[in-house]
Protein chains: 2
Amino acid sequence: MPYTYEYPRPSVTVDCIIFGLDGSALKVLLIERGLEPFKGHWALPGGFVDMDENLETAAIRELEEETGVTDVFFEQLYTFGNPGRDPRGRVITVAYYALVNLSEHPVRASSDADNAEWFKLDELPPLAFDHGKVLNMAIDRLKGKVRYQPIGFELLPEKFTLSQLQSLYETILGGKVNKRNFRTKILKMGILKQLERQEDVPHRPAYLYRFDKAQYEEKMKSGFNFEINMSAK
Amino acid sequence: MPYTYEYPRPSVTVDCIIFGLDGSALKVLLIERGLEPFKGHWALPGGFVDMDENLETAAIRELEEETGVTDVFFEQLYTFGNPGRDPRGRVITVAYYALVNLSEHPVRASSDADNAEWFKLDELPPLAFDHGKVLNMAIDRLKGKVRYQPIGFELLPEKFTLSQLQSLYETILGGKVNKRNFRTKILKMGILKQLERQEDVPHRPAYLYRFDKAQYEEKMKSGFNFEINMSAK
DNA sequence: ACAAAAGTGTTGTTCCTACACCCATGA
DNA sequence: TCATGGGTGTAGGAACAACACTTTTGT
């Protein structure tokens with residue numbers, strides 16, 4: 001049942017950049033393409049947008065199909081539409097990025113017919129299409145955004161230690177922070193709730209904290225601004 | 001000459017949010033639609049993307065057609081694609097926003113067949129399609145971005161006074177800044193070049209400054225970060 | 001001389017930085 | 001008792017906030 005239009009139209013897809021924190025390494029989920037073009041290459045998970053489907057819904061659907069993950073941080077990144085970015089014709093793709101908490105969402109490593117795998121950001125294979133460029137933009141966005149909005153917590157388990165949080169920032173931003181100063185600053189913000197201590201660790205048990213979203217939003221109303229700087233060497 | 005596809009495809013358009021500073025008021029350029037749907041309503045300038053045209057090129061073309069302006073700050077905002085946002089069918093639009101310097105680019109008020117006009121942000125007419133939502137997102141983005149990136153200069157003439165710059169920030173962010181502290185801070189950043197004085201003003205002539213982009217980029221390499229806060233009441 | 005806007009001095013406070021040190025736990 | 005990471009004290013300096021004041025121009 002063909003569809004006919006007076007003027008030519010592009011295809012529209014969504015692609016997802018899914019970041020996860022594995023220990024202290026930041027990783028991204030890629031799938032190995034089973035079909036041409038770029039058969040055998042690694043690519044960002046994604047697919048075509050249905051005609052009666054929101055863009056964001058489509059991206060959430062793709063994410064769910066590929067990883068089984070739902071209800072995570074999710075945001076539009078950018079739209080790529082250069083003619084020639086897909087050998088099959090004019091394909092415009094709307095990219096979304098997601099932050100998932102690997103320790104609480106056991107992402108199924110493989111799904112559908114495709115092979116899926118987590119890659120460290122510094123051990124990436126060559127990517128299909130312009131996905132290298134897309135991924136780079138996602139990394140830049142993450143680096144930029146994590147400093148001014150409390151989205152880093154999305155990568156951690158619900159309960160985390162200050163050391164984990166510090167390590168997260170050091171990983172994403174690339175740099176060291178002074179422990180004393182990091183703690184003082186983040187605690188003074190008043191957006192973390194202190195919980196119980198860790199148990200069964202072979203050293204002094206750390207306090208666990210939870211990000212207090214309600215408190216954060218409350219503070220935002222009166223001109224509070226979240227900001228993390230990497231200063232120390 | 002019809003085009004036929006196996007699956008249905010959406011149309012893709014670009015829309016432009018064009019901000020300009022008129023005196024101390026921030027304005028946006030709208031056009032009055034001459035055709036259905038929303039005939040007679042005000043809308044963002046925009047149009048369909050050609051099949052062999054970059055998205056950004058399309059947006060720049062629309063901007064040029066509507067305003068005659070070229071070579072201004074220009075950046076992708078967001079992509080809107082809810083089914084139902086356009087009564088003609090599935091239309092996905094990629095929105096771009098631009099900052100133009102009204103005092104140096106005498107924008108032609110009207111062009112093409114459409115009527116074009118600048119509106120203050122607090123005196124907006126009802127907008128066609130979901131353009132109200134699009135414009136609101138552009139305003140939020142501008143407010144957010146202007147604090148962390150030196151894009152405010154794009155709205156001013158090449159040579160400007162510190163008072164003009166301060167007034168710009170007060171307008172966009174909505175608030176007052178202490179003159180003394182604003183000056184101290186912005187000058188200490190070292191990204192402004194002092195030029196000659198004003199002439200023929202009925203008060204003490206102010207120094208003119210130019211944004212020194214090269215200097216800014218140089219500083220960026222070594223972890224400098226631009227930031228403007230509105231603190232004073 | 002006056003109005004208007006440009007531009008400066010200064011002070012108390014808060015925040016940032018760097019470094020050294022102590023604490024609690026399991027092995 | 002040792003290794004390991006958790007957690008704190010503190011001092012000097014830089015940046016911020018608030019307010020009052022002086023300067024330079026055209027009329």
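Within every chain, numbering begins at 1; the chains are lettered A, B, ... in the order of the sequence lines, protein sequences first and strands thereafter.
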Which pairs would a plain distance check flag for residues 199-209 of chain A, meaning a side-chain donor or acceptor within less than 3.5 Å of a matching protein atom at least two apart in sequence or in another chain?
| unit_1 | atom_1 | unit_2 | atom_2 | d |
| --- | --- | --- | --- | --- |
| Tyr207(A) | OH | Arg197(A) | NH2 | 3.4 |
| Tyr209(A) | OH | Gln194(A) | NE2 | 3.0 |

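- Taking the side-chain contact (heavy atoms from CB on, under 4.5 Å) definition, one finds that Ala128(A) meets it with Arg33(A), Phe38(A), His41(A), Ala43(A), sequence neighbours left out.
- With rounding to whole Å, Asn225(A) atom CG is found 12 Å from dC16(D) atom P.
- Remark: P of dG6(D) and CD of Glu199(A) are 16 Å apart, rounded to the nearest angstrom.
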Extract all donor-acceptor atom pairs below 3.5 Å that involve side chains of residues 56-63 of chain A and protein atoms in other chains or at least two apart in sequence.
| unit_1 | atom_1 | unit_2 | atom_2 | d |
| --- | --- | --- | --- | --- |
| Arg61(A) | NE | Glu53(A) | OE2 | 2.6 |
| Arg61(A) | NH1 | Glu65(A) | OE2 | 3.3 |
| Arg61(A) | NH2 | Phe48(A) | O | 3.2 |
| Arg61(A) | NH2 | Glu53(A) | OE1 | 3.1 |
| Arg61(A) | NH2 | Glu53(A) | OE2 | 3.4 |

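- For the ring pair (Phe, Tyr, Trp, His ring centres under 6.0 Å) test, no residue two or more places apart in sequence or in another chain qualifies with Phe226(A).
- Between Pro202(A) and His203(B), the residue whose closest nucleotide on DNA chain C is further toward the 5' end is His203(B).
- The CG-C1' distance, from Asn178(B) to dC19(D), rounds to 8 Å in whole Å.
- Taking the salt bridge (charged side-chain N to carboxylate O under 4.0 Å, His left out) definition, one finds that Glu158(B) meets it with Arg210(B), sequence neighbours left out.
- In this structure, OH of Tyr207(A) is placed 10 Å from C1' of dG7(D), rounded to the nearest angstrom.
- For Phe19(B), the ring pair (Phe, Tyr, Trp, His ring centres under 6.0 Å) criterion is met by no residue, not counting sequence neighbours.
- Between the CG atom of Asp200(B) and the P atom of dA6(C) there is a distance of 16 Å, given to the nearest Å.
- For the ring pair (Phe, Tyr, Trp, His ring centres under 6.0 Å) test, residues two or more places apart in sequence or in another chain that qualify with Tyr148(A) are Tyr148(B).
- Contacts between residues 181-197 of chain A and DNA chain C, counted as heavy-atom distances below 4.0 Å, involve Asn181(A), Lys185(A).
- Using a 4.0 Å cut-off between a side-chain N of Lys or Arg and a carboxylate O of Asp or Glu, Lys193(B) and Asp212(B) do not qualify as a salt bridge.
- Rounding to whole angstrom units, CG of residue Asn229(B) and P of dT14(C) are separated by 17 Å.
- Proximity of residues 145-171 of chain B to DNA chain D (heavy atom under 4.0 angstrom from any strand atom) is not detected for any residue.
- Residue pairs meeting the side-chain hydrogen bond (donor to acceptor under 3.5 Å, both in side chains) criterion with at least one partner in residues 182-191 of chain B, sequence neighbours excluded, are Ser163(B)-Arg183(B), Arg180(B)-Thr184(B).
- Every residue two or more places apart in sequence or in another chain was checked for a ring pair (Phe, Tyr, Trp, His ring centres under 6.0 Å) with Tyr169(A), and none qualifies.
- The interatomic distance linking Tyr209(A) (OH) with dG6(D) (P) rounds to 11 Å, in whole Å.
- Counting only N and O atoms by type, the side chains of Asn115(A) and Glu117(A) include no donor and acceptor under 3.5 Å apart.
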Short N/O separations, protein against nucleotides 20-23 of chain C, under 3.5 angstrom:
| unit_1 | atom_1 | unit_2 | atom_2 | d |
| --- | --- | --- | --- | --- |
| dC23(C) | O4' | Arg204(A) | NH1 | 3.3 |
| dC23(C) | O2 | Arg204(A) | NH1 | 3.3 |

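- At whole-Å resolution of the value, CD1 in Ile228(B) and C1' in dA17(D) are 15 Å apart.
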